[in-house]
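The structure appears right after this line, and notes come after that.
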Amino acid sequence: MSKSLPKRSENYSEWYNEIVKRADLAENSAVRGCMVIKPYGYAIWEKMQRALDDMFKATGHVNAYFPLFVPKSFLEKEEEHAEGFAKECAVVTHYRLKAGPDGKGLVVDPNAKLEEELIIRPTSETVIWNTYKNWIQSWRDLPLLINQWCNIVRWEMRTRLFLRTTEFLWQEGHTAHATEQEAVEETERMLGVYATFAEEWIALPVIKGVKSPNERFAGAVETYCIEGLMQDGKALQCGTSHFLGQNFSKSFDVQFVNKENQLEYPWATSWGVSTRLMGALIMAHSDDQGLVLPPRLAPIQVVIVPIYKTPEDLAKISEKANPIFEELKAAGISVKYDDDDKQRSGWKFAEYELRGVPIRLGLGLRDLENGTVEIARRDNLTKESRPIDGVVEHIKALLDEIQANIYERALKFREDNTFRVDSWDEFQAQIERGGFISAHWDGTAETEEKIKDATKATIRCIPLAGPDENGKCVYSGAPSSRRVIFARAY
RNA sequence: CGGGACGUAGCGCAGUCUGGUAGCGCGUUCGCUUGGGGUGCGAGAGGUCGCAAGUUCAAAUCUUGUCGUCCCGACCA
């Protein structure tokens, strides 16, 4: 394994893959398109899960779990939904194997064919709404606010660690409401939760918006999304929140009696974020030295590395390091004291940088004499010596500063790479250089399709915040009242 | 399913055109050395060259077949 990473600016894909691999986040498994998330990567995912779960609970949701298998007949019930997912489903057709004809290996037992095929869930609207039929009778049962954490399978042609794998981990919220307005509010509320999570935890600024009809979730009336800009100028959809109208309640014949004693179909939402957020995290902040983690998601926030020659020196350093370690721990900071003798300190410096640890404390004999400690920041790679006294308070503040700093840096990057474009020539030139393009669109699927064919750019979203502004479609010249965000996307 | 590559040590690769002793880097093992940014030196272990058949005195190398993997496109959180 070579010692230096590929340069981010030279080969972004290779750089990304190397970081995933070298920072020990994940690897490809023997199973096609599937990923092994390694302990360090999973620790980050767990932190994301916990933060999100707290936010879901705070907005009144509870967790539950529904089956992995979806009977084919369920999937068929909502027509658009069925059509949208049909092409990427893994299907279970048998329930038994038997010894091969030559006595070796195993073959599928043809006598064990299932009467009805089972689909491995690509998403759970259908199983869940089939269940909700039994749970919803009266207006008193609403709203129903449920989330599940699970794995799902979508048989994609082309996979990429964290960004697109055949099996992935996610959460999916599925809610039912008595009124349309309440459901729309829920859809927007959860989009807001995602945006807050992206910005305050991942330190990634995102644009909130709605999808064009072309990009809408199969079976949704409206799809809201958050879109982030990665360092190579490509967009990444980081989360979606769907207003499902009454499509699923009607398809699954779920009705409730309202306060006026009349039967009504409830209004639905669903929303999800996945391990793709790990990809967003990596691509948003990391550099040629490796991963850069926002402190709030770092499994190790501070690492203490002793610098010494002899075991006696190490003992002396440990005497100073241990109280700092304990004090940091007591302050609720995740800290590691790496006195492992198997690696040299220089090696450790590089290793913890590769793994994105936000703060490194170096402690050597020189520091013991001076009563100081060396503090190295991962976000800007600066180092300074400080007195040991008061270092814990300083680190607490510094963690917040780093969190804020990488957000600001990502925000500046996005602002520097968002372009208002008003002509087709300019559009074609700019798309090659990457970034978000804010341009007028005539609102037709036809134009959207032509732009995609010509430039590979898609409409990432119609920003919620975007002001009304009269203009002409950048492609067709037809009138438009709103700018939308175009980009090439992952 | 269309287009293009590749299967040689744990990992990454050279060698194949022009057949002739199985190589390199990283990792790993041992010893010394070094220690405020991936130390340096030395020694060692590790491969029926994807599989099968053929040509040949001789095949990693040529021929045919076969299996597998990856990349680009369509699909997509």
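Every chain is numbered from 1 and lettered A, B, ... according to where its sequence line falls, protein lines coming before strand lines.
- Across all strands shown, B:C1 forms a Watson-Crick or G-U wobble pair, both distances under 3.5 Å, with B:G73.
- The listed nucleotides are B:C75, B:G38, B:G37; the one nearest the side chain of A:Glu156 is B:C75.
- A gap of 13 Å separates the P atoms of B:G40 and B:G35, to the nearest Å.
- Looking at heavy atoms from C-beta onward, A:Ile375 lies in side-chain contact with A:His394 at the 4.5 angstrom threshold.
- Here ring-ring contact (aromatic ring centres under 6.0 Å, His included) pairs that include residues 271-319 of chain A, with residues two or more places apart or in two chains, are A:Phe56-A:Trp271, A:His61-A:Trp271.
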Close N/O contacts between protein and nucleotides 33-35 of chain B (under 3.5 Å):
unit_1	atom_1	unit_2	atom_2	d
B:G35	O2'	A:Tyr308	O	3.4

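- Residues satisfying the side chain to side chain donor-acceptor pair (under 3.5 Å) test with A:Lys72, not counting sequence neighbours, are A:Glu76.
- The base-pairing partner of B:G7, taking Watson-Crick or G-U wobble contacts with both distances under 3.5 Å, is B:C67.
- For A:Arg22, whose side chain is taken as the heavy atoms from C-beta onward, the closest listed nucleotide among B:G38, B:G36, B:C75 is B:G38.
- Nucleotides B:C51 and B:C6, compared at atom C1', are 16 Å apart to the nearest Å.
- Between A:Trp170 and A:Thr275 there is no side-chain heavy-atom pair separated by less than 4.5 Å.
- The base-pairing partner of B:G42, taking Watson-Crick or G-U wobble contacts with both distances under 3.5 Å, is B:C30.
- The CZ-P distance, from A:Arg366 to B:G37, rounds to 9 Å in whole Å.
- In this structure, CZ of A:Arg154 is placed 16 Å from P of B:C75, rounded to the nearest angstrom.
- In this structure, the salt bridge (Lys or Arg N to Asp or Glu O under 4.0 Å) partners of A:Arg355, at least two apart in sequence or on a different chain, are A:Asp24, A:Glu351.
- Counting non-hydrogen atoms under 4.0 angstrom, A:Thr240 reaches nothing in the nucleic acid.
- Checked against B:C75, B:A77, B:G37, the side chain of A:Lys383 finds its nearest nucleotide in B:G37.
- A heavy atom closer than 4.0 Å to some atom of RNA chain B occurs in A:Arg360, A:Gly362, A:Gly364, these being the qualifying members of residues 357-364 of chain A.
- In this structure, of B:G38, B:A77, B:G37, it is B:G37 that holds the atom nearest to the side chain of A:Phe349.
- Here A:Lys452 does not pair with A:Glu448 in a salt bridge; the nearest charged N to carboxylate O distance is not below 4.0 Å.
- B:G31 and B:U63 have their P atoms separated by 50 Å, with the value rounded to a whole Å.
- Comparing B:G36, B:A77, B:G37 by their closest approach to the side chain of A:Arg276 singles out B:A77.
- Of all nucleotides listed (B:G73, B:G38, B:G37), B:G73 comes nearest to the side chain of A:Lys456.
- For A:Asp379 and A:Arg377, the salt-bridge test passes: some basic side-chain N is under 4.0 Å from an acidic carboxylate O.
- The separation between A:Tyr194 atom OH and B:A77 atom C1' is 11 Å, rounded to whole Å.
- In this structure, CD1 of A:Ile375 is placed 15 Å from C1' of B:G36, rounded to the nearest angstrom.
- When the P atom of B:C11 is taken as reference, atom NZ of A:Lys21 falls 11 Å away, rounded to whole Å.
- Within the structure, the ring-ring contact (aromatic ring centres under 6.0 Å, His included) test picks out the following pairs touching residues 214-239 of chain A (sequence neighbours left out): A:His81-A:Phe217, A:Phe85-A:Phe217, A:Phe217-A:His242.
- Residue pairs meeting the ring-ring contact (aromatic ring centres under 6.0 Å, His included) criterion with at least one partner in residues 8-31 of chain A, sequence neighbours excluded, are A:Tyr12-A:Trp15.
- With B:G38, B:C75, B:A77 as the choices, the nucleotide that has an atom nearest any side-chain atom of A:Glu351 turns out to be B:G38.
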Name the atoms and distances for all side-chain donor-acceptor pairs under 3.5 Å in residues 427-436 of chain A, with sequence neighbours left out.
unit_1	atom_1	unit_2	atom_2	d
A:Gln428	OE1	A:Trp424	NE1	3.3
A:Gln430	OE1	A:Arg433	NE	3.3
A:Gln430	OE1	A:Arg433	NH2	2.9
A:Gln430	NE2	A:Gly434	O	3.1
A:Glu432	OE2	A:Arg488	NH2	2.9

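- Within 4.0 Å of A:Phe168, counting heavy atoms only, lies at least one base atom of the nucleic acid.
- By the salt bridge (Lys or Arg N to Asp or Glu O under 4.0 Å) test, A:Asp341 is found to be paired with no residue, residues two or more places apart in sequence or in another chain being considered.
- B:G19 is unpaired under the criterion used here, namely a Watson-Crick or G-U wobble arrangement in which both key atom distances are under 3.5 Å.
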